[in-house]
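Numbering of ligands and ligand atoms starts at 1, following listing order.
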Amino acid sequence: MSKLIYLDNAATTSLDPEVLEAMIPWLRSGYGNPSSIYSIGRDAKKAIEDARLKVAEAIGSKVNEIYFTGSGSEADNWAIKGIAEANSDKGRHLVTTNIEHHAVLHVYEYLEKRGFEVTYVAVEKNGIVDVDKIMNAVREDTILVSVMMANNEIGTIQPIAEIGERLAGHKAVFHTDAVQAIGNIPVDVRALRVDMLSLSAHKFHGPKGVGVLFIKRGVKIENLMHGGGQERTRRASTENTAGIVGLGVAIKKAVDNLPENAAKMQKIRDEIIGRVLNEVPFAILNGDRVRRLPGNANFAFRFIEGEGLLLFLDMYGIMASSGSACTSGSLDPSHVLLALGLEHEIAHGSLRLSIGTENDFSDIDYVVESIKTIVQRLREMSPLYDKYLKNKITED
Ligand SMILES: *Cc1c(COP(=O)(O)O)cnc(C)c1O
């Protein structure tokens with residue numbers, strides 16, 4: 001095995017060498033506590049504020065609407081718990097979709113146990129939510145609506161701006177998890193009319209363990225972290241200076257280079273999708289064909305297990321992901337694939353390829369040929385496929 005092809009950019013991305021270079025000084029001599037008054041502390045503070053400005057410019061917000069967090073999951077947790085707690089006097093009803101990331105869905109489940117009522121709006125078969133269904137779910141006592149901008153498994157892009165517009169007159173706060181969107185599609189908080197937005201550095205070639213929650217001025221939200229007065233008293237913790245600096249450099253690069261990157265990823269994606277659907281029998285594409293992230297291809301292959309496919313792909317040097325939650329110790333297929341109406345058996349045979357900026361057109365042929373070979377081999381060993389063939393013969 002000579003090649004190594006990374007196609008799991010929705011799980012995480014490589015750290016951009018330029019980002020790493022920008023971070024190193026803050027791990028070496030720039031270790032001062034940003035709250036201190038001596039120079040190395042003040043320098044760190046300045047570097048953090050510079051990164052904050054970069055984030056604000058990247059998503060079209062004001063600088064003082066940007067709050068650094070420890071991850072995308074923390075930003076989602078804070079947004080949802082913080083709004084629920086600060087606004088429960090106005091209502092205890094929350095709205096979301098059935099394909100959100102677990103960092104959103106599990107927080108909603110947590111709140112249900114604490115007396116909040118949640119409406120999970122089901123997406124359509126193409127993995128996109130109907131704006132009217134969201135609006136029909138919103139009530140007088142709804143205090144929060146959270147809809148992800150782009151799905152991490154099937155890549156579908158939700159109509160956030162339309163929902164934002166329709167919600168404009170309502171008191172409910174509108175949050176979007178834009179973790180998968182940054183660097184892949186344009187994100188502008190004013191154009192989207194969102195009140196809160198989550199993002200995470202490691203999904204756009206920044207470091208792991210640092211994220212952002214955008215909170216529009218005037219939104220009433222409780223803290224998640226209590227302690228020191230960092231982040232204008234809203235998020236205690238001594239700042240992760242190096243991580244924040246890295247996030248700033250990474251988001252600027254991701255947004256500046258978005259048009260070229262997205263165009264290249266989309267070309268690779270379309271070529272892979274076209275070839276797989278053409279050349280692999282019984283293959284389907286999960287999620288809308290057009291309204292999806294430029295780097296996302298998610299397939300289901302009948303008669304095989306996604307886990308087996310992943311293991312063989314790894315032997316071929318291809319790193320990808322399956323749509324089932326087996327890695328997390330559960331044998332259930334992913335809630336996202338089931339939400340599309342896929343049968344369990346078919347959802348089990350799914351494969352997510354998430355293309356990134358570093359992939360190249362020259363990878364395509366090897367990837368498609370490998371998938372073809374492996375799927376065929378797995379089917380030859382599959383009792384389901386055997387049964388299908390036997391039934392087919394008797395039918396004929
Ligand atoms: C990765 C991801 C998260 C979690 O972000 P972390 O920084 O890894 O905690 C949340 N939402 C979506 C859509 C993601 O893809």
Inset, instruction - Using distance alone, determine whether Asn152 and ligand 1 share an N or O pair under 3.5 Å. - result: no

Legend entry - Geometric N/O contact Gly72 with ligand 1, under 3.5 angstrom: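 By distance alone, the answer is yes.
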
For [Y], is there an ion pair with [X] - N to carboxylate O distance below 4.0 angstrom?
| X | Y | result |
| --- | --- | --- |
| Lys113 | Glu109 | no |
| Arg234 | Glu222 | no |
| Asp132 | Arg166 | yes |

Legend entry - Audit row: Ser322, Glu307, side chain to side chain donor-acceptor pair (under 3.5 Å) steps and yes/no: CA-CA 7 Å; Ser322 90; Glu307 306 311 300; 3.0 Å; yes

To the nearest 0.1 Å, how far is [atom] from its closest protein heavy atom, and which atom is that?
| atom | result |
| --- | --- |
| atom 14 (C) of ligand 1 | Lys203 NZ, 3.1 Å |
| atom 9 (O) of ligand 1 | Ser73 OG, 2.6 Å |
| atom 7 (O) of ligand 1 | Ser200 OG, 2.6 Å |
| atom 11 (N) of ligand 1 | Asp177 OD2, 2.6 Å |
| atom 8 (O) of ligand 1 | His202 NE2, 2.8 Å |

Legend entry - Contacting atoms of ligand 1, where contact means under 4.0 angstrom from a heavy atom of Met148: 13 (C)

Inset, instruction - Under 4.0 Å from a heavy atom of Ser71: give me the atoms of ligand 1 that qualify, with their elements. - result: 7 (O), 9 (O)

Inset, instruction - Mind telling me whether Tyr388 and Phe303 have parallel, tilted or perpendicular rings, with 30° and 60° as the class edges? - result: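 Correct class here is tilted.
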
Inset, instruction - Answer with side chain, backbone, both or neither: which part of Asp76 has a heavy atom less than 4.0 angstrom from an atom of ligand 1? - result: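 The answer is the side chain of Asp76.
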
Legend entry - Flag side-chain contact, heavy atom, 4.5 Å: Ser71 against Val210: no

Legend entry - Asp177, Ile160, Val131, Val95 screened by side-chain contact (heavy atoms from CB on, under 4.5 Å) with Val147, the one that passes: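 It is Ile160; the other options fail the test.
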
